[in-house]
Student: 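Let me give you the structure first, and then I'll get to my questions.
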Amino acid sequence: MILQVEDLSYKIGSTWILRGVSFNLSRGEFAGIIGPNGAGKTTLIKAIVGDLSDYAGRIKVTGRVGYLPQNPERNRDFPISVREVVAMGLYKERGPFKRFSKSEWNRVDALLKTTGIEELGKRRAGTLSGGEYQRLMLARALVSSPELLILDEPEAGVDEMGKSSFYRLLEKLKNEKNMGILMVSHDIGMVFEACDTIMCINKTLHCHTSADMISPEQLQSAFSSDLDLFIRSRDHFEREHRL
Ligand SMILES: Nc1ncnc2c1ncn2[C@@H]1O[C@H](COP(=O)(O)OP(=O)(O)OP(=O)(O)O)[C@@H](O)[C@H]1O
């Protein structure tokens, strides 16, 4: 088990954002978190990565975490290269004040290759397109060799071709490194295609089950407040089950 969440609840003022969320994530499991806007998905991720302190319940992570946040902040003018941004992902384990060693730069370059942006290493990070920037953020999240990779809507700004190669890359990394992956996404089709398990969240966790076992009732209970998302997920359910 790489992640254990037990009875997690979070409240802002008198409003519950999350209530009694419990689940486990195994190594080698790619879980997709789906749910309507405002369902508490990002809040759950923030609690897991340690950006939220005043929650109730327990979260146990047993391994290194790589995190690709939703809409990562981007300063287009800041004079930093793509390679340097990836290398900064190592700060947590070795601090910012030492020069990067040759082997650390080799690690960075290998990841630029893995994520398909090796040609862009020397470019100023601010000049990258949206999809290229997401790949850069993925390389940075991976440079510390995480056992748990957490992604919050990584497909934002990525075109359809880019999306499917991005998800294929995640599946490959999961298989090669036996990582656990937790990904929030509104891309219901891709979630059903790429993920092993699906978690439906809307304040509470409505289901956490394998993509081909999920029932229309589970989808409906999580999405009742968002008819459009519900219909799209039901369509995918029906296609998956050839109904
Ligand atoms: N600082 C805050 N103050 C008040 N309400 C907040 C705050 N942060 C989050 N919320 C509310 O908490 C709820 C859950 O937000 P969260 O960002 O976790 O949802 P989400 O499921 O990630 O949504 P989306 O799919 O739109 O990204 C929303 O109703 C949001 O407005």
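Remember, it's 1-based here, ligands and their atoms both numbered in the order they're listed. Keep in mind that the numbers below use all heavy atoms, side chains included, and drop hydrogens, waters and symmetry copies. When a residue number appears, it is its place in the shown sequence, counting from 1. In this text the structure is predicted, and so the values were computed from the model without any measurement.
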Student: Can you tell me which residue pairs pass the ring-ring contact (aromatic ring centres under 6.0 Å, His included) test with a partner in residues 102-125, sequence neighbours excluded?
Tutor: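 Only Phe100-Trp105 qualify under ring-ring contact (aromatic ring centres under 6.0 Å, His included).
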Student: Quick check: does any side chain N or O of Lys41 sit under 3.5 Å from a backbone N or O of Pro36, one acting as donor and the other as acceptor?
Tutor: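 Side chain of Lys41 to backbone of Pro36, a donor-acceptor pair under 3.5 Å: yes, one is there.
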Student: Give a yes or no on this: more than 12 heavy atoms of other residues, nucleotides or ligands lie within 6.0 Å of atom NZ of Lys46.
Tutor: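 For Lys46, atom NZ is not crowded (no more than 12 foreign heavy atoms under 6.0 Å).
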Student: Is it the case that one hydrophobic cluster holds both Val5 and Leu149, taking links as side-chain heavy atoms less than 4.5 Å apart, direct or via other members?
Tutor: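 No.
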Student: Can you name the residues that come within less than 4.0 Å of ligand 1, going by heavy atoms only?
Tutor: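 For ligand 1, the contacting residues are Ile12, Ile17, Pro36, Asn37, Gly38, Ala39, Gly40, Lys41, Thr42, Thr43, Gln70, Glu153, His186.
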Student: Just wondering, more than 12 heavy atoms not from Lys113 lying within 6.0 Å of its NZ?
Tutor: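 For Lys113, atom NZ is not crowded (no more than 12 foreign heavy atoms under 6.0 Å).
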Student: With a 4.5 Å cut-off on side-chain heavy-atom distances among I, L, V, M, F, W and Y, is there a chain of contacts connecting Tyr133 to Val143?
Tutor: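 Yes, it is one cluster - the side chains of Tyr133 and Val143 are joined through contacts under 4.5 Å.
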